[in-house]
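Below is one structure; the comments refer to it alone.
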Amino acid sequence: MFSALDHQYMQRALQLSARGLYTTTPNPRVGCVIVNQQQIVGEGAHLKAGEPHAEVYALRQAGALARGATAYVTLEPCSHHGRTPPCADALLEAGVTKVVAAMVDPNPLVAGKGLAYLQAHGVETQHGLMEAQAKALNPGFISRMAKQLPWVRCKIAASLDGKTAMENGHSQWITSEAARLDVQYWRAQSCAILTGIGTVLADNPQLTVRTTPDARQPLRVVVDSQLRMPLDARIAQDGACLIAYATDNQQRAAEWLHRGVALLQAPDAHGRVCLSTLLRHLAQLQMNEVMVEAGQSLNGALMSQELVNELLLYYAPKLMGGQAQNMLAMPSLTHMSQAVDLTITDIRQLGADIRIRALPNYPGS
């Protein structure tokens, strides 16, 4: 169905889409290549919400050579008016005669309508070329559109015996500088960083992106059931912060609001924060990818409720002993059929450490 050249052109479009890895939120990352007589005549990537889409940049570069050309785009061209005009119209006006999309847009406003619109106006269309690679670039956007939930990526740094902190809570630093630098890039592509009150009280972190001074800072989100976070906590001092809580016995809500911190009261039946309600709220705020940097309690609660989509595990060549804190505080299991199987998608060495990316396969799902 697709030739070697088709794959070559789409591969280039995928490379271009990665230019928006840290900047396109809440929009998807998209790349486009315009090909005329087996020559690339235009390239483009969507870089920031409100700015032109990938197809527009590619068409501008192609100019008159777009007439009679084929457009390879990693996501179905939009057919609706958003912050920018429809890309389907731009392709028609430029005279493109064929459009190959890696995947159909999961946005209900598009969802096949862009390709149908092009077909109705005489443009040949195909989709499905390198679809898996295209989906891997936008897991959060796809999840938000399809499930009204962000993609939750849980980062855990641990010793080889699976410990994340000493019994007394001391944890800096388990992993090497190379691993900590890698975490910065994952933070940079996240829309929000989620942590728990235990981590705030123990480490007083900022959870900011420090790779570049002008980096887009993700929303910092703290799960704090009793709203007891200290008013001078570093996580709430610079940049946007949201506290999710259940009860406010210390009457701090008004003060936090006065300081510009957003609040979400979302109690569950046990007086804790309802994590699924929190994640749906983040999706409503157009958060595509949420990175969890927390302790064993919040990590375990998210896993137990099957709310984690991906694990980002950093293992250091250390042994920390049986009384040290675990990666996940989860209920004890009695049978191997209850275990959460993992599909490992990537393993690599970073300095002295090993990073494993894995997808949970929850029992019964």
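When a residue number appears, it is its place in the shown sequence, counting from 1. Heavy atoms only: backbone and side chains are in, while hydrogens, waters and symmetry mates are out.
Following chains of ILVMFWY side-chain contacts shorter than 4.5 Å, one can reach Ile156 starting from Leu194, so the two form part of one hydrophobic cluster. Note on Tyr117 and Leu91: same hydrophobic cluster, where clusters join Ile, Leu, Val, Met, Phe, Trp and Tyr whose side-chain heavy atoms are under 4.5 Å apart, directly or indirectly. When the side chains of ILVMFWY residues are joined at heavy-atom separations under 4.5 Å, either directly or via intervening members, Leu21 and Tyr185 end up in a single hydrophobic cluster. Hydrophobic clustering (ILVMFWY, side-chain heavy atoms < 4.5 Å, transitive): Leu279 and Val292 are in one cluster. Tracing side-chain contacts under 4.5 Å through hydrophobic residues (I, L, V, M, F, W, Y), one never reaches Met287 starting from Met291; they form parts of separate clusters.
Note that CD of Gln237 is 8.5 Å distant from CG of Asn204, once rounded to the nearest 0.5 Å. Atom OG of Ser3 is separated from atom CG of Leu129 by 8.5 Å, given to the nearest 0.5 angstrom. With rounding to the nearest 0.5 Å, the separation of CZ in Arg29 from OG1 in Thr24 is 5.0 Å. In this structure, CD in Gln61 is found 10.5 Å from SG in Cys32, a value given to the nearest 0.5 Å. Taking OH from Tyr22 and CZ from Arg216, the interatomic distance works out to 10.5 Å, rounded to the nearest 0.5 Å. To the nearest 0.5 angstrom, Gln133 atom CD is 10.0 Å from Met10 atom CE.
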### Task
For Asp353 and Thr175, run side chain to side chain donor-acceptor pair (under 3.5 Å): C-alpha distance rounded to whole Å, both residues' side-chain angles, the deciding distance at 0.1 Å, then the answer.
CA-CA 7 Å; Asp353 306 320; Thr175 53; 4.6 Å; no

### Task
Take Leu242 and Leu264 through the side-chain contact (heavy atoms from CB on, under 4.5 Å) test and state the conclusion after the steps.
CA-CA 7 Å; Leu242 182 150; Leu264 173 68; 4.3 Å; yes

### Task
Given side chain to side chain donor-acceptor pair (under 3.5 Å), test Thr343 with Asn361 step by step and report yes or no.
CA-CA 7 Å; Thr343 299; Asn361 303 305; 2.8 Å; yes

### Message
Determine whether Ile197 and Leu298 satisfy the following criterion, side-chain contact (heavy atoms from CB on, under 4.5 Å), listing intermediate values before the conclusion.
### Response
CA-CA 9 Å; Ile197 183 61; Leu298 183 53; over 6 Å; no

### Query
How far apart are the C-alpha atoms of Val33 and Leu16, what are their side-chain angles, what is the distance that settles it, and do they pass the side-chain contact (heavy atoms from CB on, under 4.5 Å) test?
CA-CA 9 Å; Val33 169; Leu16 290 166; 3.7 Å; yes

### Message
What verdict does the side-chain contact (heavy atoms from CB on, under 4.5 Å) test give for Arg144 and Leu149, after you've listed the backbone C-alpha separation in whole Å, the side-chain angles of each residue and the deciding distance to 0.1 Å?
### Response
CA-CA 5 Å; Arg144 183 164 65 84; Leu149 287 168; over 6 Å; no

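Aromatic ring pairs are classed by plane angle as parallel below 30°, tilted from 30° to 60° and perpendicular above 60°; the pair His53 and His46 is perpendicular.
The closest donor-acceptor contact from the side chain of Ser190 to the backbone of Ile193 lies at 3.5 Å or more, if one exists at all. Side-chain N or O atoms of Thr25 include none that pairs as donor or acceptor with a backbone N or O of Cys191 at under 3.5 Å. Using modelled atom types, no side-chain atom of Glu306 and backbone atom of Met303 make a donor-acceptor pair closer than 3.5 Å. Asp182 places no side-chain N or O within donor-acceptor distance of the main-chain N or O of Ala179, the cut-off being under 3.5 Å. A donor-acceptor contact shorter than 3.5 Å links the side chain of Gln296 to the backbone of Asn326. A side-chain donor-acceptor contact under 3.5 Å links Glu76 to the backbone of Leu115. Remark: side-chain polar atoms of Gln39 are not paired, donor with acceptor, to backbone N or O of Val35 under 3.5 angstrom. Side-chain N or O atoms of Asp248 include one that pairs as donor or acceptor with a backbone N or O of Gln251 at under 3.5 Å. When atom types are taken as modelled, the side chain of Asp105 and the backbone of Ala111 share no donor-acceptor pair closer than 3.5 angstrom. For the pair Tyr314 (side chain) and Leu350 (backbone), a donor-acceptor distance under 3.5 Å is absent.
Here the shortest heavy-atom pairing between Ala352 and Pro317 reads O-CD, 3.4 Å. In terms of heavy atoms, Pro28 sits closest to Phe141 at CD-CE1, 3.6 Å. Between Asp6 and Met1, the closest heavy-atom pair is OD2-O, 4.4 Å. Nearest heavy atoms, Pro363 versus Val340: CD-CG2, 4.2 Å. When all heavy atoms are compared, the tightest approach of Arg153 to Glu289 is NH1-OE1, 2.9 Å. Residues Leu227 and Ala253 come closest through the heavy atom pair CD2-N, 3.6 Å.
Looking at heavy atoms from C-beta onward, Arg357 lies out of side-chain contact with Ile344 at the 4.5 angstrom threshold. Side-chain contact check for Leu278 versus Leu282: some heavy-atom pair is nearer than 4.5 Å. Two residues are said to be in side-chain contact when any heavy atoms from C-beta on lie closer than 4.5 Å; Asn288 and Pro150 fail this criterion. Residues Thr70 and Val96 have side chains not in contact (no heavy-atom distance under 4.5 Å, counting atoms from C-beta outward). In this structure, Glu43 and Ile34 have side chains that are not in contact, with every pair of non-hydrogen atoms separated by 4.5 Å or more. Leu201 is listed as a side-chain neighbour of Arg228, based on a closest heavy-atom distance under 4.5 Å. Side-chain contact between Arg12 and Gln15 is present, with at least one heavy-atom pair separated by less than 4.5 Å. With a 4.5 Å cut-off on side-chain heavy atoms, Asn309 and Pro139 do not count as touching.
Atom CD of Gln349 has more than 12 neighbouring heavy atoms from other residues, nucleotides or ligands inside a 6.0 Å radius. Within 6.0 Å of atom CD in Gln37, 12 or fewer heavy atoms from other residues, nucleotides or ligands are found, so the atom counts as exposed in its surroundings. More than 12 heavy atoms of other residues, nucleotides or ligands lie within 6.0 Å of CD in Gln119, so this atom counts as buried by the packing criterion.
Classification of Arg355 and Asp346 as a salt-bridged pair holds, one side-chain N sitting under 4.0 Å from a carboxylate O.
With sequence neighbours excluded, the residues forming a side-chain hydrogen bond (donor to acceptor under 3.5 Å, both in side chains) with Gln126 are Lys98, listed by chain and number. With sequence neighbours left out, Arg234 forms a side-chain hydrogen bond (donor to acceptor under 3.5 Å, both in side chains) with Gln206.
No side-chain donor from either of Gln184 and Thr211 sits under 3.5 Å from a side-chain acceptor of the other.
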